[in-house]
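Encoded as structure tokens, the structure appears first; notes follow it.
Numbers restart at 1 for each chain; the letters A, B, ... are given by sequence-line order, proteins then strands.
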Number of protein chains: 2
Amino acid sequence: MPAADQPTTERGEQTRQRIVDAALELFEERGYAKTTMRAVADRAGVSLGNAYYYFGSKDHLVQGYYERMQAAHAEAARPALAGRTLLADRWVACEQAFLDVAERYHPFAGRFFAVAAEPSSPVNPFSDDSRPARDASIDIMRDVVTGARVKGDARLLTELPDLLWLAHMGLVLHWVHDGSPGQRRTRLLLRRTAPLLERLVGLSRLRPLRSSVHELLDLVADLRDGELDGSDDPDGAADAPGPAAAAPDERD
Amino acid sequence: MPAADQPTTERGEQTRQRIVDAALELFEERGYAKTTMRAVADRAGVSLGNAYYYFGSKDHLVQGYYERMQAAHAEAARPALAGRTLLADRWVACEQAFLDVAERYHPFAGRFFAVAAEPSSPVNPFSDDSRPARDASIDIMRDVVTGARVKGDARLLTELPDLLWLAHMGLVLHWVHDGSPGQRRTRLLLRRTAPLLERLVGLSRLRPLRSSVHELLDLVADLRDGELDGSDDPDGAADAPGPAAAAPDERD
DNA sequence: GTCTATAACTAGATAGAC
DNA sequence: GTCTATCTAGTTATAGAC
């Protein structure tokens with residue numbers, strides 16, 4: 001298939017950008033389902049076939065969305081964190097920055113999420129292909145933690161950026177399903193969860209909790225070894241089923 | 001138009017069942033994407049148009065899969081729970097029963113999961129359409145809890161079935177992305193998480209945790225009011241709503 | 001009013017020429 | 001890299017049979 005990743009020439013890169021721009025515009029105007037590949041190609045000034053040269057499928061277009069969102073969040077988070085020293089405050093500021101930059105895309109974020117949720121998808125957040133974006137996102141979380149004055153179990157604090165990234169994924173999951181105006185319910189969830197986070201981290205040093213926390217951290221580490229995702233290969237378990245038969249590759 | 005819910009006649013119900021059977025067979029044989037509606041109709045011995053009379057879209061066929069999975073899980077869970085009195089044991093038995101009955105569908109469960117993850121999808125587990133299946137699933141969890149001899153905060157115990165259902169969803173999320181043979185990693189996660197669950201429930205009565213637990217329960221209740229999903233338009237497009245016919249709806 | 005079937009339409013995706 | 005022509009399959013319209 002075509003160069004879904006890095007177009008080779010200067011001109012190609014421009015064309016690719018034009019297609020992403022057109023797609024995002026149309027997604028915002030009329031939503032994902034109502035945006036046809038033909039319309040995207042038209043607005044980008046290319047032929048239908050040419051659009052498919054750059055993007056293997058309509059779903060691949062959401063990759064552009066993902067990258068921009070990611071960058072916008074990082075940019076918005078930095079100033080929002082400035083001057084805050086409480087872990088809970090920094091966490092809230094970070095996630096509110098996300099909710100703010102993401103709000104305009106909420107109407108069609110569900111589709112993006114569904115595409116990303118598929119294990120075999122290159123944009124699934126746990127995949128190897130997504131490692132750069134994931135690492136960038138975890139960097140934001142590391143910033144949240146290191147800039148805070150917190151006391152807590154040392155090992156927990158080390159792992160906290162990764163855990164906050166998981167929490168971020170959870171918040172996004174709620175956000176995507178949140179039909180309340182301005183995603184007010186997700187903001188509520190965030191504000192009222194944050195103090196609990198702070199308190200739990202504080203309690204992590206105390207006797208009754210510490211051993212449980214360590215068990216949990218051990219488990220996370222064990223699961224991570226042998227890679228986060230484990231899948232990726234279309235069907236790594238192509239062994240189980242019938243005898244002959246083709247090797248039907250669910251791919252799409 | 002399409003009687004997606006309850007076919008009215010005996011014969012209709014049979015036809016509906018034949019279509020579900022055919023669809024599940026084909027999904028197992030060649031996966032979701034490679035199964036066409038035409039093939040489903042053919043195998044079921046009905047016309048294409050007829051298949052659409054019963055199922056509003058290809059995605060709706062997935063609901064049949066969920067219902068059966070659900071029923072199979074309930075059936076497998078009951079004997080597995082018999083004789084166990086420890087909460088952690090019961091929880092593990094319940095979820096292992098799920099992993100066992102679901103294993104054969106794992107190769108294409110990712111696709112189904114992606115379909116279900118979409119907020120506007122009728123099969124998304126938080127939607128109104130899924131309430132029957134969800135309630136049935138929560139009933140299993142209630143069985144897990146009520147059959148156990150546990151001490152814990154009273155309010156927490158009341159909400160525990162709902163919370164365990166959420167935990168179940170989380171396990172499924174991990175399972176879907178788990179490429180290890182026999183989904184071994186998910187089983188590991190389950191076994192090592194269960195004791196923590198038991199301990200946390202036990203600790204929920206103690207001073208440092210109790211107030212946090214109550215705050216969490218309050219939050220969950222608040223989020224649930226105003227409905228679980230918050231979906232835009234559960235199924236408004238199914239019946240002609242108002243004046244004009246066209247109800248442009250971002251079905252996605 | 002409850003079902004069933006045929007034909008047509010739309011849009012995602014591919015093939016192959018330039 | 002880009003195009004035009006074409007294929008495929010989800011979906012809809014509609015006519016008619018129990």
Item to check | Any B:Tyr53 side-chain nitrogen or oxygen under 4.0 Å from OP1 or OP2 of C:dT4 | outcome: no
Checklist entry - Could you state the CZ-P distance from A:Phe55 to D:dG1, rounded to the nearest angstrom? => result 13 Å
Item to check | Length of the line joining B:Glu10:CD and C:dG1:P, which is rounded to integer Å | outcome: 22 Å
Next on the checklist: I need the CZ-P distance between B:Arg38 and D:dT11, as an integer number of Å.
Outcome noted: 11 Å
Next on the checklist: Expressed as a whole number of angstroms, how long is the span from A:Arg16:CZ to D:dT2:P?
Outcome noted: 13 Å
Checklist entry - Does a side-chain N or O from A:Asn50 land closer than 4.0 Å to OP1 or OP2 of D:dG1, or not? => result no
Checklist entry - D:dT6 P sits how many Å from A:Met37 CE, rounded? => result 21 Å
Checklist entry - Base, sugar-phosphate, or nothing for B:Arg11, non-hydrogen atoms under 4.0 angstrom? => result sugar-phosphate
Item to check | Spacing between B:Lys58 atom NZ and C:dG12 atom C1', to the nearest angstrom | outcome: 13 Å
Checklist entry - Which nucleotide, C:dA5, D:dT6, D:dG10, lies nearest any side-chain atom of B:Thr36? => result D:dG10
Item to check | All side-chain contact (heavy atoms from CB on, under 4.5 Å) counterparts of A:Asp162, not counting sequence neighbours | outcome: A:Ile138, A:Arg224
Next on the checklist: Heavy atoms within less than 4.0 Å of DNA chain D: which residues of residues 40-47 of chain A have one? Give them sorted by number.
Outcome noted: A:Val46, A:Ser47
Checklist entry - What pairs with A:Tyr65 under ring-ring contact (aromatic ring centres under 6.0 Å, His included), at least two apart in sequence or on another chain? => result A:Tyr105, A:Phe108, A:Phe112
Item to check | A:Thr15 side chain, from C-beta outward: closest of D:dT12, D:dT2, C:dA13 | outcome: D:dT2
Checklist outcome for this item: Separation of C:dT14 atom C1' from A:Tyr54 atom OH, nearest Å, is 18 Å
Next on the checklist: Determine whether a donor-acceptor pair (N or O, by modelled atom type, separation under 3.5 Å) exists between the side chain of A:His73 and the backbone of A:Cys94.
Outcome noted: yes
Item to check | Integer-rounded Å distance: D:dT2 C1' and A:Arg18 CZ | outcome: 11 Å
Next on the checklist: For A:Ala167, give me all partners under side-chain contact (heavy atoms from CB on, under 4.5 Å), at least two apart in sequence or on another chain.
Outcome noted: A:Trp91
Checklist entry - With distance as the sole criterion, is a donor-acceptor pair present between the side chains of B:Asp178 and B:Ser180 under 3.5 Å? => result yes
Checklist entry - Under the side-chain contact (heavy atoms from CB on, under 4.5 Å) test, which residues partner A:Glu103, sequence neighbours left out? => result A:Gln183, A:Arg187
Checklist outcome for this item: Contacts satisfying salt bridge (Lys or Arg N to Asp or Glu O under 4.0 Å) that involve residues 164-176 of chain B (not counting sequence neighbours) are none
